[in-house]
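As the structure lists them, so they are numbered: ligands from 1, and atoms in each ligand from 1.
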Amino acid sequence: MSTFIPLNIRIDGRRILFVGGGALVMHKLQSVRLFTGDITVLAPDISPEVSATDVHQLRKSYATSDLDGFFLIYACSEDDRLNRRVLADAQEKGILCNIVDNRMDSDFISPALFRHDGMTVAVSSDGRNARRSVEWRNAIRALFLGTECHPASNL
Ligand SMILES: C[C@@]1(CC(=O)O)c2cc3[nH]c(cc4nc(cc5[nH]c(cc(n2)[C@H]1CCC(=O)O)[C@@](C)(CC(=O)O)[C@@H]5CCC(=O)O)C(CC(=O)O)=C4CCC(=O)O)c(CCC(=O)O)c3CC(=O)O
Ligand SMILES: NC(=O)C1=CN([C@@H]2O[C@H](COP(=O)(O)OP(=O)(O)OC[C@H]3O[C@@H](n4cnc5c(N)ncnc54)[C@H](O)[C@@H]3O)[C@@H](O)[C@H]2O)C=CC1
């Protein structure tokens, strides 16, 4: 069984890498960009939506040395074998890595977030039920903002 502890990790001055540049990266960027602008996206094909953001872009196929200098890695390509290679390379180098939607193997997972007035709420199900995390986050957000509570996921 995978177990996780919630932490707030310092990221100022530290670089974050996404391997892959499709729809899923765009989705993940929406939350990560709330916290840092120092994000690099590496993929042979980077979607127009990702390209239109202010992230650093490397249009190339992944190589192990691409991980050097990064603090956190998100392996988000559509190629599961590649994602697993990225994870193995990162672990070899002592860098924390998330394989998208794979809580069993990831070093960390992403909670459902709500940020307001300098405060952050992060909800997790330890990766067991992401939809439930979104519903809890939305309920907490409604409590603070007095808005209608519904399960649609937007920050
Ligand atoms: C392990 C993890 C990924 C990781 O971090 O590695 C993971 C895994 C999986 N998600 C799945 C599905 C969905 N995920 C969402 C949404 C979000 N998922 C997020 C996190 C996580 N999802 C991590 C665990 C978090 C925790 O601990 O609870 C959020 C909170 C944050 C983020 O992604 O940044 C983000 C909300 C963003 C926001 O709104 O703010 C929605 C709803 C939607 O899109 O609105 C659905 C459709 C559900 C449906 O359709 O019912 C499935 C397939 C399940 C299945 O098919 O049954 C898996 C795989 C599996 O469960 O094995
Ligand atoms: N789109 C979504 O909301 C969700 C996607 N997923 C899974 O996440 C994965 C990615 O999904 P999408 O972003 O939608 O796919 P996508 O097909 O839009 O993007 C895949 C990205 O991987 C990159 N890539 C391929 N080979 C590479 C290499 N050798 N080096 C670096 N980058 C490489 C491609 O250039 C592309 O940018 C898929 O496995 C998908 O099943 C899972 C849940 C939701």
Side-chain angles (χ1 to χ4, degrees), residues 1-9 11 16-36 39-53 55-68 70-91 95-116 119-145 147-155:
M1 189 177 74
S2 314
T3 53
F4 300 90
I5 186 170
L7 298 169
N8 287 9
I9 299 183
I11 51 164
I16 296 182
L17 176 69
F18 285 80
V19 177
L24 191 71
V25 167
M26 191 60 218
H27 165 82
K28 289 272 171 191
L29 282 179
Q30 282 164 10
S31 50
V32 177
R33 283 167 85 239
L34 293 174
F35 300 91
T36 176
I39 299 168
T40 301
V41 172
L42 181 153
D45 300 308
I46 298 178
S47 75
E49 291 78 14
V50 172
S51 291
T53 68
V55 299
H56 308 292
Q57 295 169 43
L58 294 173
R59 285 177 195 272
K60 69 185 287 291
S61 191
Y62 169 78
T64 305
S65 59
D66 291 323
L67 300 185
D68 294 340
F70 288 95
F71 174 70
L72 276 187
I73 311 291
Y74 291 81
C76 299
S77 84
E78 81 273 27
D79 179 347
D80 190 52
R81 279 182 52 213
L82 173 66
N83 290 340
R84 287 177 181 284
R85 184 181 148 208
V86 172
L87 176 74
D89 290 348
Q91 289 180 336
I95 308 171
L96 295 175
C97 183
N98 171 259
I99 297 188
V100 69
D101 290 344
N102 184 337
R103 70 182 161 97
M104 299 307 284
D105 297 323
S106 291
D107 292 320
F108 65 93
I109 56 175
S110 302
L113 292 168
F114 165 53
R115 249 163 94 76
H116 180 68
M119 300 293 284
T120 300
V121 174
V123 181
S124 175
S125 62
D126 288 344
R128 291 189 184 85
N129 190 337
R131 173 155 289 279
R132 196 158 177 234
S133 296
V134 169
E135 287 172 356
W136 273 50
R137 186 275 313 278
N138 290 349
I140 294 166
R141 180 171 55 192
L143 199 65
F144 280 93
L145 299 185
T147 53
E148 192 187 338
C149 173
H150 58 84
S153 67
N154 53 346
L155 287 171

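Of the heavy atoms in Val134, only side-chain atoms (C-beta onward) come closer than 4.0 Å to ligand 1. By the criterion of a heavy-atom distance under 4.0 Å, the backbone of Cys76, and not its side chain, is placed next to ligand 2.
For ligand 1, the atoms closer than 4.0 angstrom to any heavy atom of Ala112 are 30 (C). Contact atoms of ligand 1 toward Asn98: 4 (C), 5 (O), 6 (O) (distance under 4.0 Å to a heavy atom of the residue). Using a 4.0 Å cut-off to heavy atoms of Asp126, the atoms of ligand 1 that qualify are 27 (O). Of all the atoms in ligand 1, the ones that sit under 4.0 Å from a non-hydrogen atom of Ser31 are 34 (O). In the vicinity of Ser125, heavy-atom distances shorter than 4.0 Å reach the ligand 1 atoms 26 (C), 27 (O), 28 (O). Within the listing of ligand 2, atoms 31 (C) sit less than 4.0 angstrom from a heavy atom of Val19. Each of the atoms 4 (C), 5 (O), 20 (C), 21 (C), 23 (C), 24 (C), 25 (C), 31 (C), 32 (C), 34 (O) of ligand 1 lies under 4.0 Å from some heavy atom of Ser110.
In this structure a side-chain-to-backbone donor-acceptor pair under 3.5 Å is missing from Ser106 to Arg103. Ser133 contributes a side-chain N or O that, together with a main-chain N or O of Ser125, makes up a donor-acceptor pair within less than 3.5 Å.
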* Under the side chain to side chain contact (heavy atoms under 4.5 Å, CB included) criterion, do Asn102 and Arg84 qualify, and how do the steps go? -> CA-CA 10 Å; Asn102 184 337; Arg84 287 177 181 284; 3.2 Å; yes
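Contact annotation: Asp79 has no heavy atom less than 4.0 Å from any atom of ligand 2. Every heavy atom of Arg132 sits 4.0 Å or more from the atoms of ligand 1. For Gln30, the heavy-atom gap to ligand 1 stays at 4.0 angstrom or more. The closest approach between Ile46 and ligand 2 stays at or above 4.0 Å for every heavy atom of the residue.
Shortest contact from atom 38 (C) of ligand 2 to any protein heavy atom: Glu78 CA, 3.7 Å. The single protein non-hydrogen atom nearest to atom 9 (C) of ligand 2 is Ser77 O, 3.5 Å, given as residue, atom name and distance. Counting protein heavy atoms only, atom 30 (N) of ligand 2 is closest to Tyr62 N, 3.0 Å. Nearest non-hydrogen protein atom to atom 32 (N) of ligand 2 is Pro44 CD, 3.3 Å. The single protein non-hydrogen atom nearest to atom 28 (C) of ligand 2 is Leu82 CD2, 3.3 Å, given as residue, atom name and distance. Nearest protein heavy-atom contact of atom 37 (O) of ligand 2 is Asp45 O, 2.5 Å. Of the protein's heavy atoms, Leu24 CD1, 3.4 Å lies nearest to atom 4 (C) of ligand 2. With respect to atom 19 (O) of ligand 2, the closest heavy atom belonging to the protein is Gly22 CA, 3.5 Å.
Between Ser133 and ligand 1, a contact under 3.5 Å exists for at least one N or O pair. Between Ser106 and ligand 1, a contact under 3.5 Å exists for no N or O pair. Annotation: Arg128 places no N or O atom under 3.5 Å from an N or O atom of ligand 1; distance criterion only. For a threshold of 3.5 Å applied to N or O pairs, the pair formed by Phe108 and ligand 1 contains no separation below that value.
Leu67 and Asp89 make their closest contact through CD1-CB, 3.6 Å (heavy atoms, listed as atom of the first residue, atom of the second, distance). When every heavy atom of Asn98 is checked against every heavy atom of Phe108, the shortest pair comes out as ND2-O, 2.8 Å.
Counting protein heavy atoms under 4.0 angstrom from atom 40 (C) of ligand 2 gives zero. Contact annotation for atom 13 (O) of ligand 2: protein present (non-hydrogen atoms, distance under 4.0 Å).
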